[in-house]
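For reference, the structure is listed below as structure tokens.
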Amino acid sequence: MVQDQSPIVGMKASYDSTLDEESNQWIVAAICSNNRTIDDATNVEVAVIPRKKVTPEITKKIRASTFTKLDCKDVWI
């Protein structure tokens with residue numbers, strides 16, 4: 001499942017299903033799965049934000065895993 005986390009960066013969530021998986025308009029802000037490796041997972045949750053809204057401060061928060069409130073309790077192994 002993909003969650004559009006645009007509201008966190010002051011934008012309306014678009015849930016634009018026309019974007020393909022190769023699109024560079026989005027970056028992954030958080031991810032969790034029901035397996036330690038994504039390749040072996042059967043359930044994956046991804047939070048994305050528009051690339052154009054990424055700032056150095058947001059990058060720091062993403063790297064520290066403090067950017068999004070992605071709830072993985074139903075996904076984690």
Side-chain angles (χ1 to χ4, degrees):
M1 171 168 66
V2 177
Q3 293 182 17
D4 180 349
Q5 298 279 306
S6 296
I8 293 175
V9 292
M11 296 179 70
K12 184 178 178 181
S14 67
Y15 301 104
D16 188 347
S17 61
T18 63
L19 293 175
D20 63 61
E21 61 188 38
E22 299 297 321
S23 174
N24 66 355
Q25 296 177 34
W26 300 89
I27 68 158
V28 174
I31 189 168
C32 57
S33 74
N34 67 339
N35 200 309
R36 297 216 181 272
T37 63
I38 298 299
D39 289 340
D40 296 324
T42 57
N43 194 359
V44 178
E45 209 164 315
V46 180
V48 297
I49 60 171
R51 183 175 297 278
K52 65 183 177 185
K53 296 299 276 189
V54 176
T55 64
E57 181 181 334
I58 288 173
T59 300
K60 286 180 187 176
K61 289 181 178 181
I62 290 171
R63 288 184 176 153
S65 299
T66 59
F67 177 72
T68 182
K69 301 280 188 194
L70 184 64
D71 182 5
C72 296
K73 68 181 178 189
D74 294 330
V75 180
W76 290 117
I77 52 174

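When a residue number appears, it is its place in the shown sequence, counting from 1. Bear in mind that the values here come from a model prediction, so they are computed numbers and not experimental data.
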Checklist entry - What is the distance from atom NZ of Lys52 to atom CE of Met11, rounded to the nearest 0.5 Å? => result 4.0 Å
Checklist entry - Looking at side-chain heavy atoms only, is the closest gap between Thr42 and Asn35 below 4.5 Å? => result no
Checklist entry - For the atom pair OG (Ser33) and CD (Glu45), what is the distance rounded to the nearest 0.5 Å? => result 10.5 Å
Item to check | Heavy-atom side-chain contact between Val9 and Val54 under 4.5 Å | outcome: no
Next on the checklist: Using the salt bridge (Lys or Arg N to Asp or Glu O under 4.0 Å) criterion, which residues pair with Lys61? Sequence neighbours excluded.
Outcome noted: Glu57
Checklist entry - Side-chain contact, heavy-atom cut-off 4.5 Å: Asp4 with Trp26? => result yes
Checklist entry - Any donor-acceptor pair under 3.5 Å linking the side chain of Asn34 with the backbone of Asn43? => result yes
Checklist entry - Which distance, rounded to the nearest 0.5 Å, do you find between the CD1 of Ile27 and the CD1 of Ile62? => result 4.0 Å
Checklist entry - Hey, does Arg51 have a side-chain heavy atom less than 4.5 Å from the side chain of Gln25? => result no
